[in-house]
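Report on the structure given below.
Every number for a ligand or one of its atoms is a count from 1 in the order of the listing.
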Amino acid sequence: MCGIVGYLGNRQAVPVLLDGLRRLEYRGYDSAGVAIVNPQGLAVVRAVGKLDNLTQATTDEPLVGCLGIGHTRWATHGRPNQRNAHPHRSGPIAVVHNGIIENHLELKAQLIASGVKFESDTDTEIVAHLVDQHWSKLTDVGKAEERLLQAVQLSLAQLRGAYALAILCEEAPDALIVAKNASPLVLGIGNEEVICASDIPALLNYTRDVIFLEDGEVALLTRGAVNIKDSSGNAVERSPQRIAWSPVQAEKGGYKHFMLKEIFEQPRAIEDTLRGRFSLETGEVVASELGIPVEIARNVDRVYFVACGTSYHASLAGRHWIEQLARLPSQAELASEVRYRAPVFTERDLIVAVSQSGETADTLAAVQSAQAQGAKVLALTNVLDSAIARIADGAFYTHAGPEIGVASTKAFTTQLVAMLLLATFLVQEREVLSKDASKKILGDLVEVPSLMRRCLSIRSEVQDVAKRWHQTEHMLFLGRGLGFPLALEGALKLKEISYAHAEGYAAGEMKHGPIALIDEEMPVVVIAPQDSNYEKTLSNLQEVKARDGQVLAIATEGDQQMKSLTEDIMVIPNCSELVMPLLASVPLQLLAYYTADFKGTDVDQPRNLAKTVTVE
Ligand code: M6R
């Protein structure tokens with residue numbers, strides 16, 4: 001998501017900030033801005049679109065000064081336009097922010113009541129006003145740097161949510177304050193200069209000595225020193241560490257490919273997608289976050305998903321949850337097919353258009369055809385203000401952050417999370433299940449990030465399986481129930497990046513054709529967690545083995561029976577059946593990734609494929 005850079009030293013800040021922002025471009029953005037402090041005061045310049053526009057704006061209006069902050073914004077709250085671009089300013093204070101302030105509505109109401117006028121639709125502007133209010137009251141603190149630090153600490157105590165912040169004040173020209181909670185922030189320590197950024201590539205031209213800020217910490221940066229405090233205000237001692245990565249490696253966070261980085265970002269992306277969307281205490285999903293008016297949720301007769309590719313596979317799982325939990329008729333359809341059929345929609349249908357990019361031509365066309373028949377459309381997308389989000393009646397945003405690898409990974413699992421939230425919301429509004437049942441689903445979701453971190457820790461086991469099988473030309477994927485969409489997705493991942501021929505099948509369909517393919521040459525990935533389908537899936541697996549097929553199993557940790565059946569086993573932790581697809585996605589993604597990597601294909605930009613498919 002957004003990129004932050006801050007600089008304090010003896011160089012001119014603007015070129016350092018622009019260079020840093022350029023190195024963070026891979027994070028995705030739709031607008032950018034800088035704020036500079038100099039003896040004349042504070043100057044802010046912002047521009048919509050690419051960094052070239054900001055560069056041009058800073059050339060038209062040259063900004064001189066050695067203290068500054070810069071930002072590339074990837075919109076989450078408020079449209080991507082100039083007034084919502086960062087930095088945000090209040091009096092002498094300027095702020096850049098990456099993350100989501102969960103209690104922004106509540107704080108905004110309080111600030112408005114105290115007479116504050118807002119200039120943007122962002123959650124970030126709140127931080128500028130809070131710091132300004134505290135700054136104004138702390139007149140008895142003598143040193144400007146200390147006063148600013150205290151103003152920020154008091155403001156942070158009021159915030160809930162995720163943030164990486166860089167804050168400056170025109171009356172404190174020798175101080176840059178940074179703070180972090182759940183969003184990344186790294187400090188670069190140079191000679192008489194400090195630079196902070198969302199990621200290491202932005203620092204490497206200036207220093208290789210870095211300090212990673214931890215959650216809850218705030219730091220006062222001056223030319224010669226870094227003064228870190230924990231959330232209780234205690235001083236934290238932390239020595240810099242030396243980074244040996246090249247700039248290109250650094251952009252990928254040290255991972256070999258963006259895809260691998262994005263696979264590993266999933267626990268964080270899921271936390272971001274869940275944050276602020278429900279209360280575990282009450283079991284309530286926050287209606288305004290989901291983009292569906294409550295009356296629609298209460299009166300809908302059918303939930304109809306339209307999507308392409310990976311988003312279609314997520315939709316198949318979504319259909320399963322809507323039927324199972326909300327007890328509503330539900331369908332998942334390929335958008336490219338729907339648009340050329342004569343589908344029947346009614347005003348009581350809720351069409352959920354699932355698209356990571358929000359720009360897919362077929363999905364857009366399917367939405368238009370549903371709207372023409374009076375159906376209500378909810379966009380489920382990762383990109384704010386994208387084409388589908390704009391024409392839909394409401395939008396529910398996943399907060400996966402930009403996905404660079406063509407193969408969808410974190411976009412897929414955050415779509416699954418969003419669909420489970422949607423199903424829980426429908427349960428709530430239609431009073432289908434008890435509050436305790438809703439709490440249980442939400443509790444299961446909250447567990448996912450830490451369980452997923454455990455799945456990621458078996459990366460080398462999956463790599464070993466891929467090593468044994470990467471030369472295969474064909475692979476079959478089988479799954480039942482929620483395992484079926486995963487079988488389709490596992491096969492799609494493998495074929496798109498490794499170019500091996502792969503097919504996903506519902507395990508129960510084996511006997512209706514694909515079993516003819518099984519021989520000693522055919523590896524079959526069986527998604528067989530210990531869920532309610534376990535026994536049946538196990539029978540399918542035995543059928544494969546009986547025909548000398550080679551089984552690669554995705555199984556539950558500790559499943560001894562599975563262990564005795566195959567040495568190619570990729571385990572996931574024991575988990576609730578509902579969230580299993582989120583966890584089982586990880587070994588499937590890693591299997592495709594390592595297979596492609598062993599084959600040496602272009603993992604991030606596979607041949608013939610585009611990340612956003614804006615033509616049919
Ligand atoms: O942006 P969308 O989610 O609408 O894209 C749909 C498909 O093109 C996409 O999911 C594609 O299948 C993936 N890149 C596969 O990994």
Side-chain angles (χ1 to χ4, degrees), residues 28 257-263 265-266 269 273 305-318 332-339 351-368 377-392 395-419 477 485-500 502-504 581 585-586 588-593 595-596 601-616:
H257 296 99
F258 279 111
M259 181 182 174
L260 190 60
K261 175 169 181 261
E262 286 156 5
I263 290 173
E265 277 172 356
Q266 290 180 107
T273 301
F305 292 92
V306 288
C308 300
T310 289
S311 297
Y312 168 68
H313 299 153
S315 301
L316 290 170
E333 300 282 343
L334 287 166
S336 54
E337 286 295 313
V338 170
R339 66 181 293 194
I351 311 303
V352 184
V354 186
S355 171
Q356 175 276 133
S357 61
E359 303 288 338
T360 300
D362 284 325
T363 311
L364 194 62
V367 164
Q368 284 160 337
V377 175
L378 175 72
L380 201 167
T381 177
N382 195 35
V383 181
L384 194 101
D385 230 22
S386 49
I388 296 172
R390 279 200 305 273
I391 66 164
F396 180 9
Y397 293 106
T398 50
H399 291 310
E403 199 176 59
I404 312 289
V406 163
S408 201
T409 52
K410 60 178 181 168
F412 174 66
T413 46
T414 51
Q415 283 171 348
L416 295 178
V417 165
M419 286 167 185
F477 289 72
L486 285 183
L488 295 176
E489 178 58 8
L492 174 61
K493 283 291 87 89
L494 188 77
K495 72 184 121 191
E496 72 175 332
I497 60 168
S498 80
Y499 314 149
E503 285 194 60
S585 296
V586 173
L588 291 168
Q589 294 165 349
L590 288 171
L591 180 66
Y593 171 77
T595 303
T601 53
D602 187 345
V603 171
D604 284 332
Q605 287 178 319
R607 67 186 181 203
N608 308 337
L609 285 172
K611 183 72 187 163
T612 306
V613 186
T614 51
V615 290
E616 62 175 295

Subject >> Which residue and heavy atom of the protein sit nearest atom 4 (O) of ligand 1, plus the separation >> reply: T360 OG1, 2.4 Å

Subject >> Nearest-neighbour protein heavy atom for atom 6 (C) of ligand 1, which is reported as residue plus atom name and distance >> reply: C308 O, 3.4 Å

Subject >> Residues forming a side chain to side chain donor-acceptor pair (under 3.5 Å) with K261, sequence neighbours excluded >> reply: E265

Original post:
Taking only heavy atoms of Q356, which atoms of ligand 1 are found under 4.0 Å from at least one of them?
Top reply: 1 (O), 2 (P), 3 (O), 4 (O)

Subject >> Top protein contact for atom 14 (N) of ligand 1, by heavy-atom distance >> reply: V406 O, 2.8 Å

Original post:
Among the heavy atoms of K493, does any lie under 4.0 Å from an atom of ligand 1?
Top reply: yes

Original post:
With a cut-off of 4.0 Å, which atoms of ligand 1 are near a heavy atom of S311?
Top reply: 2 (P), 3 (O), 10 (O)

Original post:
Relative to the heavy atoms of A407, which atoms of ligand 1 are at a distance of less than 4.0 Å?
Top reply: 16 (O)

**OP:** Find out whether L588 and K493 are in side-chain contact, i.e. whether some heavy atom of one side chain is under 4.5 Å from a heavy atom of the other.
**Re:** no

Subject >> Nearest protein heavy atom with distance in Å, relative to atom 8 (O) of ligand 1 >> reply: V613 CG2, 3.9 Å

**OP:** Output yes when a side-chain donor or acceptor of T381 lies under 3.5 Å from a complementary backbone atom of S355, and no otherwise.
**Re:** yes

Subject >> Protein heavy atom at shortest distance from atom 11 (C) of ligand 1 >> reply: T310 N, 4.1 Å

Original post:
Partners of E403 by salt bridge (Lys or Arg N to Asp or Glu O under 4.0 Å), sequence neighbours excluded?
Top reply: K611

Subject >> Backbone of A411 reached by a side-chain donor or acceptor of T414 within 3.5 Å >> reply: yes

